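Everything below concerns the one structure shown next.
In this text the structure is predicted, and so the values were computed from the model without any measurement. Here is the naming used below: chain letters follow the sequence lines, and residue numbers restart at 1 for every chain.
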Protein chains: 2
Amino acid sequence: MKRVSQAKRKTIYDLAALAGTSASAVSAVLNGNWKKRRISSQLAEKIIRIADEQGYALNMQASVLRRDRSNIIGMIVPKYDNRYFGSIVERFEAMARERGLFPIITCTRRDPDLEIEAARAMLSYQVDCVIATGATDPDRITDLCAAAGVRTINLDLPGSHAPSVISDNFQGALELTRRVLANCERELGQNVPLMFVGGRGTDHNTSERVRGFRTAHHEIGITPEEDLILACGYAPEKAEQSLKVLAEKRGALPHGMFVNSTISLEGVIRWIRRSGHYSERKPQIGCFDFDPFVALLGENIEMVRQDVPKMLDAVFDIIDNRNPEQKLVEIMPIVETMA
Amino acid sequence: MKRVSQAKRKTIYDLAALAGTSASAVSAVLNGNWKKRRISSQLAEKIIRIADEQGYALNMQASVLRRDRSNIIGMIVPKYDNRYFGSIVERFEAMARERGLFPIITCTRRDPDLEIEAARAMLSYQVDCVIATGATDPDRITDLCAAAGVRTINLDLPGSHAPSVISDNFQGALELTRRVLANCERELGQNVPLMFVGGRGTDHNTSERVRGFRTAHHEIGITPEEDLILACGYAPEKAEQSLKVLAEKRGALPHGMFVNSTISLEGVIRWIRRSGHYSERKPQIGCFDFDPFVALLGENIEMVRQDVPKMLDAVFDIIDNRNPEQKLVEIMPIVETMA
DNA sequence: AATTGTTGCTTCATCGATTGAGCAAGCCCG
DNA sequence: CGGGCTTGCTCAATCGATGAAGCAACAATT
């Protein structure tokens with residue numbers, strides 16, 4: 001992996017020698033503030049032409065070392081296995097680049113230690129700012145970064161030590177639950193309590209969604225059953241296993257359910273297929289999160305799609321300091337209408 | 001975004017002052033070669049303790065600037081909107097980190113100019129190596145990097161100027177087509193030609209898959225129809241539109257089809273739903289690529305899953321120089337068996 | 001006692017880009 | 001013609017980490 005010696009990288013000193021000028025003139029021209037440094041436009045043009053011919057590429061390590069801002073921005077993300085995080089990352093990258101920032105992204109697979117290790121690595125690379133997305137322990141990341149004078153912003157899951165941008169989980173869950181309840185009522189002719197599957201009971205999003213879930217039940221005068229709330233984690237296998245256990249315990253399961261993520265839904269649908277539990281009548285499902293294939297799975301599934309563009313707009317509002325002192329921004333998710 | 005002044009970052013000079021020693025001793029201790037530089041273990045322990053207490057983080061920009069290798073490894077990836085690229089990125093990150101490399105990843109949305117811009121940015125950050133995944137113009141990336149003395153490896157789509165790791169598209173497509181043809185025969189009692197939907201006719205993967213598609217037809221003594229091969233691009237809308245046009249032109253469409261990616265499949269399924277074309281009898285589908293929700297979509301869909309772990313093993317074999325002079329590595333995809 | 005070897009450090013140049021300070025040449029004005 | 005101003009550059013210190021070279025102190029050997 002050693003660099004081939006003949007392909008030595010060009011530096012501003014090489015360009016300076018070729019142009020018969022000094023390195024500082026080259027530097028000034030190439031980073032665009034040659035006007036301020038009173039370099040003549042003839043020399044500027046000449047330097048730019050030579051840099052072009054030589055295929056010069058700035059050495060960012062040297063540049064960042066010297067400057068006080070790196071223009072590097074880090075994002076920590078739990079997984080790449082669903083559309084939600086995929087679109088967050090894709091849009092984040094694009095928006096960062098638009099602003100002349102260089103994004104570095106690390107996937108930490110919901111592992112708290114990896115999150116910290118990733119944050120530490122980012123600090124070593126002199127990031128100006130870290131976005132902690134869906135972090136299991138956002139405040140620990142914030143504290144670590146704060147000690148190095150680096151700002152953080154929480155996305156998807158809130159923390160209390162840094163500004164946070166999240167979905168309006170309560171309103172989203174309320175609306176989603178209402179719809180599933182209504183679909184059940186339409187089919188069964190009566191109101192019945194739903195099941196809640198997936199997520200961690202300890203995380204803010206899940207507890208807010210459970211609150212919305214409960215409120216929707218109360219609105220129509222029924223009480224949600226506590227042992228139907230299965231906050232069993234996000235993994236498909238966990239959801240599958242919980243349903244299995246519950247079915248063994250109770251016999252018949254509720255006709256409708258609220259599923260807390262597409263990734264949990266994967267386990268739910270698989271269990272439904274395998275167990276044959278709902279073979280007579282398909283259950284009514286509401287899924288908090290969107291996936292285009294789920295939309296094609298059947299008409300019995302309602303989804304809300306978290307509003308990634310708005311969420312990232314809010315994140316960059318904070319970064320660009322357009323949103324001075326707001327601690328928590330909640331973005332209403334989009335209710336998908338069945339085509 | 002300016003660094004808060006009181007939270008000035010600690011450097012090895014600060015640690016040296018605190019330990020009453022020199023910066024070079026601190027450096028030697030912290031990067032682990034203090035044995036070689038004959039630092040006593042007492043001093044080493046003391047320095048490590050102080051670094052710990054002070055929350056010291058190495059300045060990578062300075063470190064990389066000084067060393068001849070950066071241990072930074074770049075990956076260019078087209079999209080995050082499917083499981084295939086998602087798992088490539090996730091696994092790549094993990095494997096890179098295992099080897100002490102720092103991964104930087106850029107999503108270029110199948111835009112050739114962005115690909116080049118991304119490669120240039122990576123060169124500025126002194127990457128040791130670039131993996132070009134599914135690049136539209138891999139050789140241009142290779143040439144640009146080669147000029148800076150940086151190796152590249154192509155993944156998913158091959159190039160001719162650098163080693164490439166791809167799926168065995170021909171064998172995979174052959175096997176997939178065989179299965180769909182057999183499923184059709186079982187249902188219809190006779191052999192019928194299939195449709196091919198999605199991908200770009202100009203890319204190597206698509207043309208190899210078409211070759212496998214044709215070969216499977218010939219094996220059972222039938223001829224694939226040329227106007228049933230719709231290499232219309234990868235976007236869902238393109239697939240949808242192509243099917244619409246074809247249906248208008250021909251009336252009935254074939255009972256079976258080969259779909260070139262999950263992302264094209266999205267458009268195919270949507271069109272099937274909307275048009276009602278296959279309302280009497282579901283079509284037999286084979287999809288080159290895997291998505292867990294597609295697996296749940298119905299029993300009429302066969303999939304092959306590209307073997308991401310093996311592909312990345314091959315990539316790192318090349319990086320670690322265990323695979324000296326092989327130009328093209330083809331990895332057989334996994335035929336998913338319907339549960 | 002003189003030489004050689006070993007241990008445990010320190011000194012200093014260096015990587016490439018940035019930028020404050022400085023300087024020479026030309027111009028203008030009284 | 002001398003002083004001040006502008007233009008168009010160059011010089012040199014600096015960012016933080018690294019490692020070759022060097023040096024002092026002591027031990028071992030002849």
Side-chain angles (χ1 to χ4, degrees), chain A residues 2-3 5 8-47 51 54 56-72 102 123-126 128 148-149, chain B residues 2-3 5 8-47 51 54 56-72 102 123-126 128 148-149:
Chain A
K2 188 123 179 188
R3 188 111 41 241
S5 58
K8 191 70 167 47
R9 238 101 140 183
K10 299 271 177 259
T11 72
I12 52 170
Y13 298 94
D14 300 327
L15 300 188
L18 286 168
T21 181
S22 72
S24 76
V26 174
S27 171
V29 169
L30 294 181
N31 66 31
N33 58 7
W34 52 279
K35 278 253 145 90
K36 207 179 347 183
R37 296 194 48 116
R38 298 185 311 215
I39 306 288
S40 67
S41 43
Q42 295 145 52
L43 182 55
E45 274 167 38
K46 183 176 181 189
I47 288 174
Q54 299 291 318
Y56 170 79
L58 175 65
N59 182 329
M60 275 296 174
Q61 317 294 351
S63 178
V64 167
L65 176 60
R66 193 55 178 69
R67 292 173 321 190
D68 64 335
R69 278 183 43 189
S70 67
N71 293 332
I72 301 175
F102 188 80
L123 291 178
S124 272
Y125 282 95
Q126 313 298 110
D128 287 333
Chain B
K2 189 124 179 191
R3 188 110 41 245
S5 58
K8 190 72 168 50
R9 237 101 141 187
K10 300 270 175 260
T11 71
I12 52 171
Y13 298 94
D14 301 326
L15 300 187
L18 285 168
T21 181
S22 71
S24 82
V26 174
S27 170
V29 168
L30 294 182
N31 67 32
N33 58 6
W34 52 278
K35 278 255 146 88
K36 207 179 345 180
R37 311 247 338 239
R38 296 185 315 213
I39 307 288
S40 67
S41 43
Q42 295 146 51
L43 181 56
E45 274 167 39
K46 183 177 179 189
I47 288 174
Q54 300 291 318
Y56 170 78
L58 176 64
N59 183 326
M60 275 297 174
Q61 316 294 353
S63 178
V64 167
L65 176 59
R66 193 56 177 68
R67 291 173 321 188
D68 65 334
R69 279 184 43 188
S70 68
N71 292 331
I72 301 176
F102 188 81
L123 292 178
S124 273
Y125 282 94
Q126 312 297 112
D128 287 333

| query | Are the side chain of Gln61(A) and the backbone of Tyr125(B) linked by a donor-acceptor contact shorter than 3.5 Å? | reply | yes
With a 3.5 Å cut-off and sequence neighbours excluded, list the donor-acceptor pairs that the side chains of residues 24-33 of chain B form with protein atoms.
| from | atom 1 | to | atom 2 | distance (Å) |
| --- | --- | --- | --- | --- |
| Asn31(B) | ND2 | Ser27(B) | O | 3.3 |

| query | Could you give the distance from CD1 (Ile39(A)) to OG (Ser22(A)), rounded to the nearest 0.5 Å? | reply | 7.0 Å
| field | Heavy-atom pair of closest approach, residues Asp14(B) and Lys10(B) | value | OD2-CA, 3.3 Å
| request: Indicate whether OP1 or OP2 belonging to dA17(C) is found under 4.0 Å from a side-chain N or O atom of Tyr56(A). | output: yes
| query | What is the minimum heavy-atom distance between Leu15(B) and Ala51(B), and which atoms define it? | reply | CD1-CB, 3.8 Å
| query | Under 4.0 Å between a side-chain N or O of Asn31(A) and OP1 or OP2 of dT18(C)? | reply | yes
| field | Separation of Glu45(B) CD from Ile47(B) CD1 (nearest 0.5 Å) | value | 11.0 Å
| query | Taking side chain as C-beta onward, heavy atoms only, is Ser41(A) less than 4.5 Å from Trp34(A)? | reply | yes
| field | Student check: side-chain heavy atoms of Thr11(A) and Asn59(A) closer than 4.5 Å | value | no
| query | Where is the tightest heavy-atom contact between Leu65(A) and Ala62(B), given as atom of each residue plus distance? | reply | CD1-CB, 3.7 Å
| query | For the residue pair Gln126(A) and Leu58(B), what are the closest heavy atoms and their distance? | reply | OE1-O, 4.4 Å
| remark: For Ala57(A), the side chain to side chain contact (heavy atoms under 4.5 Å, CB included) test, sequence neighbours excluded, returns Ser124(B)
| When all nucleic acid strands are considered with a 4.0 Å heavy-atom cut-off, which category describes Leu30(B): base, sugar-phosphate, or nothing? | nothing
| Leu65(B) CG - dG16(C) P separation (whole Å) | 7 Å
| query | What residues in residues 16-29 of chain B put a non-hydrogen atom under 4.0 Å from any atom of DNA chain C? | reply | Thr21(B), Ser22(B), Ser24(B), Ala25(B)
| said: For chain A and DNA chain D, what are the first and last nucleotides along the strand, 5' to 3', with at least one atom under 4.0 angstrom from a heavy atom of the protein chain? | reply: dT7(D) to dG16(D)
| field | Axis-to-axis angle between the two ends of the helix from dA1(C)-dT30(D) to dG30(C)-dC1(D) (five base pairs per end, rounded to 10 degrees) | value | 60°
| query | Taking atom C1' of dA17(C) as reference, at what distance in whole Å does atom OH of Tyr13(A) sit? | reply | 7 Å
| request: Kindly write out the residues that satisfy side chain to side chain contact (heavy atoms under 4.5 Å, CB included) with Arg38(B), not counting sequence neighbours, or none if the list is empty. | output: none
| message | Please list, in numerical order, the residues of residues 32-42 of chain A that have a heavy atom closer than 4.0 Å to any atom of DNA chain D. | response | Arg37(A), Arg38(A), Ile39(A), Ser40(A)
| Gap between atoms CZ and C1', on Arg66(B) and dC15(C) respectively (whole Å) | 6 Å
| query | Gln54(B) versus Leu18(B): any side-chain heavy-atom pair under 4.5 Å? | reply | yes
| query | Taking atom P of dG16(C) as reference, at what distance in whole Å does atom CG of Asp68(B) sit? | reply | 11 Å
| said: Rounding to an integer number of Å, can you tell me how far Asn59(B) CG sits from dG16(C) P? | reply: 16 Å
